[in-house]
Amino acid sequence: KEYSGVYGSSENDPSVIELTLNKDQTFTYKDFSNPNKKIDVSGNWELKNSHVHLVNFKSEHSFHSKWKIIKDGKIAKSRKGLTFYTLSKQCK
């Protein structure tokens with residue numbers, strides 16, 4: 001599977017949730033869905049049991065750090081408590 005790429009919410013969505021997985025095993029994650037708790041972090045990612053784990057980052061707020069890449073690398077899904085995210089790979 002090809003895990004690297006940019007996964008995001010709708011381009012028309014002002015809350016902007018975006019996960020970028022780079023080929024060099026680095027990532028950036030942005031979640032502006034809560035204006036009082038904006039998240040903009042970077043670090044490394046690793047593959048464990050077919051899940052992408054985001055590691056080596058510093059953030060004041062907790063966020064989705066475990067992702068399952070499905071549909072031939074086109075969808076990233078995550079669950080944290082009762083919050084579920086589904087991000088689509090963007091064509092750039």
Side-chain angles (χ1 to χ4, degrees):
K1 288 184 185 179
E2 179 60 45
Y3 294 96
S4 62
V6 178
Y7 298 85
S9 55
S10 168
E11 292 180 15
N12 300 324
D13 184 359
S15 66
V16 181
I17 299 170
E18 186 176 275
L19 171 64
T20 303
L21 300 176
N22 299 306
K23 290 183 186 229
D24 66 357
Q25 303 277 138
T26 60
F27 79 89
T28 57
Y29 179 79
K30 297 176 183 179
D31 183 346
F32 300 151
S33 59
N34 182 341
N36 298 320
K37 292 184 179 179
K38 291 184 177 182
I39 299 169
D40 188 353
V41 298
S42 59
N44 299 96
W45 65 271
E46 54 191 36
L47 192 60
K48 290 184 185 176
N49 299 325
S50 72
H51 285 81
V52 169
H53 293 260
L54 307 181
V55 296
N56 301 327
F57 59 84
K58 292 182 183 177
S59 177
E60 294 178 19
H61 310 291
S62 66
F63 65 95
H64 296 251
S65 60
K66 181 180 172 184
W67 295 84
K68 175 101 174 156
I69 309 297
I70 60 170
K71 306 267 185 185
D72 294 326
K74 294 184 174 102
I75 302 289
K77 293 185 84 164
S78 182
R79 174 186 172 193
K80 184 173 174 288
L82 295 175
T83 306
F84 296 83
Y85 282 178
T86 300
L87 305 178
S88 300
K89 195 172 210 178
Q90 300 175 352
C91 299
K92 292 199 176 202

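At least one donor-acceptor pair under 3.5 Å links the side chain of Tyr7 to the backbone N or O of Gly73. The backbone N or O of Lys66 lies less than 3.5 Å from a partner atom in the side chain of Ser78, making a donor-acceptor pair. Distance alone, capped at 3.5 Å, is enough to place a donor-acceptor pair between the Asp31 side chain and the Ser33 backbone. Asp24 places a side-chain N or O within donor-acceptor distance of the main-chain N or O of Thr26, the cut-off being under 3.5 Å. Between the side chain of Gln25 and the backbone N or O of Trp45, at least one donor-acceptor pair lies under 3.5 Å.
When side chains are defined from C-beta on, Leu54 counts as touching Leu21, because their heavy atoms get closer than 4.5 Å.
Side-chain heavy atoms closer than 4.5 Å link hydrophobic residues (I, L, V, M, F, W, Y) into clusters, and following such links, even through other members, never connects Trp67 to Val55.
A distance of 12.5 Å separates NZ in Lys77 from NE2 in His64, rounded to the nearest 0.5 Å. Once rounded to the nearest 0.5 Å, the distance linking NE2 of His51 with NE2 of His53 reads 6.5 Å. Taking CG of Asp40 as the reference point, atom NE2 of His61 lies at 11.0 Å (rounded to 0.5 Å). Going from atom CD1 of Ile39 over to atom CD of Glu18 covers 14.0 Å, rounded to the nearest 0.5 Å. How far NZ of Lys30 is from OG1 of Thr20: 7.0 Å, rounded to the nearest 0.5 Å. With values rounded to the nearest 0.5 angstrom, Leu47 atom CG is found 9.0 Å from Ile69 atom CD1.
With sequence neighbours excluded, no residue satisfies salt bridge (charged side-chain N to carboxylate O under 4.0 Å, His left out) with Lys58. Not counting sequence neighbours, the partners of Tyr29 by the ring pair (Phe, Tyr, Trp, His ring centres under 6.0 Å) test are Phe63.
The two residues Ser50 and Lys68 make their nearest non-hydrogen contact at OG-NZ, 3.1 Å. The two residues Gln90 and Gly8 have their closest heavy-atom pair at NE2-CA, 3.4 Å. The nearest pair of heavy atoms linking Phe57 to Ser42 is CB-O, 3.4 Å. The shortest non-hydrogen separation linking Gly5 to Lys89 is CA-CE, 3.8 Å.
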